There are 2 protein chains.
Amino acid sequence: MNIGEVSKRAKLPAKTIRYYEEIGLILPQREPNGYRVFRASELHKLEFVGRARAMGFSIEECRTLLALWDDRNRASADVRALAARHLAVIEARMDDLRAMHATLSDLVTACAGDDRPDCPILSTLAADGAPPDREL
Amino acid sequence: MNIGEVSKRAKLPAKTIRYYEEIGLILPQREPNGYRVFRASELHKLEFVGRARAMGFSIEECRTLLALWDDRNRASADVRALAARHLAVIEARMDDLRAMHATLSDLVTACAGDDRPDCPILSTLAADGAPPDREL
DNA sequence: CCTTGACCTTCCAGTTACGGGAACCCTCAT
DNA sequence: ATGAGGGTTCCCGTAACTGGAAGGTCAAGG
């Protein structure tokens with residue numbers, strides 16, 4: 001299988017696959033003409049990584065997950081711990097976004113959005129006046 | 001005011017302030033010895049940018065917001081539109097995170113997390129078996 | 001036989017918003 | 001003179017790619 005075919009099947013851009021090779025996530029062989037040649041196991045790894053990335057795992061976490069996947073003697077506790085840590089990161093990000101969203105949506109609501117210059121969004125950013133009806 | 005003082009007051013690292021100068025967000029003057037000199041207006045801009053960044057606006061959005069702030073003839077509609085676009089981005093990110101969280105928290109719950117190798121997290125990533133009690 | 005098109009290759013640069021660290025200058029106090 | 005605590009520039013590194021240039025490979029068609 002050449003890179004185009006793998007790209008289609010794993011739904012990853014060829015560029016990304018080359019990058020994954022560069023950082024040692026996968027190690028495809030080469031044909032005499034220099035083309036990469038992928039076996040089923042490499043395709044599976046790429047699909048695995050694609051799913052892990054879609055769940056927000058970093059590349060390094062993906063590397064660890066691949067290693068755990070390969071390891072028939074792994075303890076599921078190790079996988080679970082990694083996933084739980086990642087879950088905590090996701091929750092922290094969501095908290096940050098929630099705070100931004102709360103502030104911003106209030107401001108957007110409070111802003112007339114007409115052709116006049118008065119704007120509670122700018123006032124709040126400038127901190128030269130209190131937000132209309134809500135503490136930051 | 002030198003950079004250290006501004007850094008303390010605006011609660012931004014000196015490095016960040018130098019970077020903001022480099023990209024033209026602020027244009028402090030210089031003393032004969034080469035030190036940057038900040039006036040109150042520059043401090044205000046930095047505080048403004050600090051708050052905007054905390055709300056998740058990109059640097060380029062901050063640049064636009066600063067320009068709108070400076071423009072006494074702005075229409076609040078322009079500010080509002082920018083904020084609303086950003087709000088949409090925040091919501092999209094939250095949706096992504098929510099999806100990841102839903103999948104992952106189910107998997108973490110389903111994983112025994114003991115010393116045995118069986119792990120629904122890895123199985124799901126490998127897609128070699130259906131997740132235990134939930135569709136992806 | 002030559003060309004065209006669709007593949008593939010490598011390499012280089014750019015992205016975002018800084019942080020680390022080296023090497024060096026300025027100023028003041030001891 | 002020296003040391004502490006400012007400041008300066010410059011360059012590299014981060015994460016995870018993406019875009020683009022320049023060029024090799026291969027099968028089919030005229």
Side-chain angles (χ1 to χ4, degrees), chain A residues 1-38 42-43 45-46 48-66 85-86 89-90 92-93 96-97 100, chain B residues 1-38 42-43 45-46 48-66 85-86 89-90 92-93 96-97 100:
Chain A
M1 240 186 310
N2 283 345
I3 200 167
E5 181 68 17
V6 183
S7 170
K8 253 183 276 176
R9 296 217 206 172
K11 285 164 194 155
L12 291 173
K15 279 269 189 186
T16 297
I17 298 173
R18 291 196 193 99
Y19 172 67
Y20 288 170
E21 182 193 18
E22 190 188 324
I23 62 172
L25 262 194
I26 47 162
L27 305 159
Q29 320 236 196
R30 298 296 180 123
E31 286 179 35
N33 63 11
Y35 286 20
R36 289 170 183 81
V37 78
F38 298 83
E42 267 125 25
L43 173 58
K45 278 193 183 189
L46 287 170
F48 182 103
V49 171
R51 287 188 203 99
R53 296 282 300 130
M55 288 188 202
F57 287 102
S58 72
I59 294 284
E60 286 316 305
E61 286 167 335
C62 289
R63 199 191 294 276
T64 304
L65 286 168
L66 277 177
R85 270 198 303 279
H86 180 50
V89 170
I90 287 177
R93 279 189 207 154
D96 287 352
L97 288 177
M100 291 177 193
Chain B
M1 241 186 308
N2 283 346
I3 201 168
E5 181 68 17
V6 183
S7 170
K8 255 183 276 178
R9 296 216 205 174
K11 285 165 195 155
L12 291 173
K15 277 271 190 183
T16 298
I17 298 173
R18 292 196 193 96
Y19 172 67
Y20 287 171
E21 182 193 18
E22 188 188 327
I23 62 171
L25 263 193
I26 48 161
L27 306 159
Q29 319 236 194
R30 297 296 179 126
E31 285 181 35
N33 63 9
Y35 286 21
R36 289 170 183 79
V37 185
F38 297 84
E42 268 125 25
L43 173 58
K45 279 194 182 189
L46 287 170
F48 182 104
V49 171
R51 287 187 203 99
R53 295 284 299 131
M55 287 188 202
F57 287 103
S58 73
I59 293 284
E60 286 316 305
E61 286 167 336
C62 288
R63 199 191 295 277
T64 304
L65 285 168
L66 277 177
R85 271 198 304 278
H86 179 50
V89 170
I90 287 176
R93 280 188 206 154
D96 287 352
L97 288 177
M100 293 178 193

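Since the structure is predicted, the reported quantities are computational estimates derived from the model, not experimental observations. Just so we're on the same page: letters track the sequence lines, and every chain starts at 1.
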Starting at atom CD of B/Glu31, determine the distance to atom C1' of D/dG7, rounded to an integer number of angstrom. 10 Å
Residues that B/Phe57 engages under ring pair (Phe, Tyr, Trp, His ring centres under 6.0 Å), provided they are two or more places apart: B/His86
Just by modelled atom types, is the B/Tyr35 backbone N or O under 3.5 Å from a matching donor or acceptor in the B/Asn33 side chain? yes
Whole Å only: how far is the CD1 atom of A/Ile17 from the C1' atom of C/dT9? 15 Å
Give one of base, sugar-phosphate or nothing for B/Ile3, where a contact means two heavy atoms less than 4.0 Å apart. sugar-phosphate
Along nucleotides 14-20 of chain D, 5' to 3', which nucleotides get a B, which get an S, and which get a -, given that the test is a protein heavy-atom distance under 4.0 Å? --BBSBB
Measure the distance from CG on B/Leu12 to P on C/dA17 and round it to the nearest whole Å. 14 Å
Take the C1' atoms of the five end pairs on each side of the helix from C/dC1-D/dG30 to C/dT30-D/dA1, derive the two axes, and give their angle rounded to 10 degrees. 50°
Over how many whole Å does the gap from A/Asn2 atom CG to C/dA6 atom C1' extend? 12 Å
Applying side-chain hydrogen bond (donor to acceptor under 3.5 Å, both in side chains), name anything that partners B/Arg36, two or more places apart in sequence or on another chain. B/Glu21
Could you give the CD-to-C1' distance, from A/Glu22 to C/dT10, as a whole number of Å? 11 Å
Can you list the residues that meet the side-chain contact (heavy atoms from CB on, under 4.5 Å) rule with B/Val37, with sequence neighbours excluded? B/Glu31
Nucleotide N/O of nucleotides 25-28 of chain C paired with protein N/O under 3.5 Å:
none

Which residues pass the ring pair (Phe, Tyr, Trp, His ring centres under 6.0 Å) test with A/Phe48, sequence neighbours left out? A/Trp69
Return each pair, listed once, that meets side chain to side chain donor-acceptor pair (under 3.5 Å) where at least one residue sits in residues 7-17 of chain A; pairs must be two or more places apart or across chains. A/Glu5-A/Arg9
Non-neighbouring partners of A/Ala54 that pass side-chain contact (heavy atoms from CB on, under 4.5 Å), sequence neighbours left out: none
Can you list everything that forms a salt bridge (Lys or Arg N to Asp or Glu O under 4.0 Å) with A/Glu60? Sequence neighbours excluded, please. A/Arg63
Answer yes or no: does a side-chain N or O of A/Arg36 lie under 4.0 Å from OP1 or OP2 of C/dT10? yes
Atom CD of B/Gln29 and atom P of D/dT8: how far apart are they, to the nearest Å? 14 Å
Those residues that, when tested against A/Arg53, pass side-chain contact (heavy atoms from CB on, under 4.5 Å) (two or more places apart): A/Tyr20, A/Val49, A/Ile59, A/Cys62
Walk me through it: do A/Ile26 and A/Ile17 pass the test side chain to side chain contact (heavy atoms under 4.5 Å, CB included)? CA-CA 8 Å; A/Ile26 47 162; A/Ile17 298 173; 3.9 Å; yes
Could you check how far CZ of A/Arg30 sits from P of C/dT9, rounded to whole Å? 6 Å
Set of salt bridge (Lys or Arg N to Asp or Glu O under 4.0 Å) partners for A/Glu61, sequence neighbours left out: none
Ignoring backbone atoms, establish whether B/Arg63 has a side-chain N or O less than 4.0 Å from OP1 or OP2 of C/dT16. no
